[in-house]
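The structure appears right after this line, and notes come after that.
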Amino acid sequence: QGQLVESGGGLVQAGGSLRLSCAASGRAFRYTMGWFRQAPGKERELVAAINWTGGSIYYADSVKGRFTISRDNAKNTVSLQMNSLKDEDTGVYFCAGGRPAAVDPTGYDYWGQGTQVTVSS
């Protein structure tokens with residue numbers, strides 16, 4: 001029981017910004033919340049993750065300094081602010097909820113259906 005629903009994806013020019021949002025219901029809002037992405041022909045990768053308190057945050061090297069993950073436990077939401085977007089950021093972005101310290105897809109129990117982000121130059 002529980003769902004994650006992503007929103008905010010779209011088409012953006014290189015150098016632009018997008019803010020992705022994830023609304024959780026039921027039991028899908030977990031101790032660790034993360035954003036994954038999957039580009040065409042690529043494996044799904046963890047982009048960013050955040051623990052319950054926000055005191056432990058992970059970013060993939062490829063997005064560090066450009067992306068910011070945040071969560072609002074009172075509203076059961078997770079956001080990903082994406083700045084200075086590059087062509088290689090293109091892909092389907094998934095919101096996921098999982099166990100403490102989860103950095104691999106197998107550590108996540110709940111998944112959204114994804115939202116498409118396309119960066120053009």
Side-chain angles (χ1 to χ4, degrees):
Q1 183 176 328
Q3 294 182 347
L4 299 172
V5 180
E6 305 96 335
S7 62
L11 176 65
V12 64
Q13 292 181 330
S17 298
L18 283 175
R19 185 175 181 86
L20 305 182
S21 296
C22 174
S25 62
R27 299 180 178 182
F29 198 62
R30 305 294 291 170
Y31 180 87
T32 299
M33 300 297 297
W35 286 95
F36 290 79
R37 71 183 178 192
Q38 187 165 17
K42 302 287 188 179
E43 295 292 323
R44 184 168 52 185
E45 64 172 342
L46 179 64
V47 175
I50 185 170
N51 74 348
W52 183 260
T53 65
S56 182
I57 296 176
Y58 165 87
Y59 294 106
D61 288 342
S62 60
V63 307
K64 195 172 298 182
R66 299 187 297 119
F67 290 13
T68 302
I69 188 172
S70 61
R71 67 189 295 166
D72 187 335
N73 293 345
K75 298 181 178 179
N76 284 11
T77 59
V78 185
S79 297
L80 184 69
Q81 178 67 44
M82 305 185 295
N83 298 327
S84 301
L85 284 162
K86 305 174 180 179
D87 291 348
E88 52 263 42
D89 295 319
T90 293
V92 179
Y93 283 70
F94 300 89
C95 178
R99 71 188 71 167
V103 296
D104 185 88
T106 59
Y108 290 81
D109 306 297
Y110 296 90
W111 293 86
Q113 293 184 344
T115 184
Q116 177 69 42
V117 173
T118 303
V119 183
S120 63
S121 60

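Only a predicted model underlies this, so the values are computations on that prediction, with no experimental measurement involved.
The environment of CD in Glu88 is crowded: more than 12 heavy-atom neighbours from other residues, nucleotides or ligands sit within 6.0 Å. Counting non-hydrogen atoms of other residues, nucleotides and ligands closer than 6.0 Å to CZ of Arg27 gives a total of 12 or fewer.
Side-chain atoms of Gln81 and Ser79 include no donor-acceptor pair closer than 3.5 Å.
Here the closest heavy-atom approach between residue Leu80 and residue Ala48 is recorded as CD1-CB, 4.1 Å. Nearest heavy atom pair, residue Ser17 against residue Asn83, reads OG-OD1, 2.9 Å. Taking every heavy atom of both residues into account, Ser121 and Ala14 meet most closely at CB-CB, 4.1 Å. Between Arg19 and Ser70, the shortest heavy-atom contact is NH2-OG, 3.8 Å.
A donor-acceptor pair is defined here as one N or O able to donate and one able to accept, closer than 3.5 Å; such a pair exists between the side chain of Glu6 and the backbone of Gln113. In this structure a side-chain-to-backbone donor-acceptor pair under 3.5 Å is present from Tyr59 to Ile69. At least one donor-acceptor pair closer than 3.5 Å links the side chain of Arg71 to the backbone N or O of Asn51. Here the side chain of Tyr93 pairs no donor or acceptor atom with the backbone of Gly9 at under 3.5 angstrom.
Atoms CG and OG1, on Leu4 and Thr77 in that order, are 11.5 Å from each other to the nearest 0.5 Å. To the nearest 0.5 angstrom, Ile50 atom CD1 is 14.5 Å from Tyr58 atom OH. With values rounded to the nearest 0.5 angstrom, Ser62 atom OG is found 7.0 Å from Asp89 atom CG. Note that OH of Tyr31 and CG of Asn73 are 10.5 Å apart. Values are rounded to the nearest 0.5 Å. Interatomic distance, Met33 CE to Tyr108 OH, rounded to the nearest 0.5 Å: 8.5 Å. Within the model, atoms CG of Leu46 and CH2 of Trp35 stand 12.0 Å from one another, a figure rounded to the nearest 0.5 Å.
Looking at Pro105 and Glu43, their side chains never come closer than 4.5 Å, going by heavy atoms from C-beta outward.
Under the 4.5 Å side-chain heavy-atom criterion for Ile, Leu, Val, Met, Phe, Trp and Tyr, Leu11 and Phe67 are members of distinct hydrophobic clusters. Phe94 and Leu85 fall into different hydrophobic clusters, where Ile, Leu, Val, Met, Phe, Trp and Tyr side chains are chained together by heavy-atom contacts under 4.5 Å. No continuous path of ILVMFWY side-chain contacts below 4.5 Å connects Ile57 to Val103, so the two sit in separate hydrophobic clusters.
When the options Leu20, Thr90, Val47 are evaluated for a side-chain contact (heavy atoms from CB on, under 4.5 Å) with Arg37, the one that passes is Val47.
One finds a salt bridge joining Lys64 and Asp61 here, because a Lys/Arg side-chain nitrogen approaches an Asp/Glu carboxylate oxygen to under 4.0 Å.
Under the 30°/60° scheme for interplanar angles, the aromatic rings of Phe36 and Trp111 are found to be tilted.
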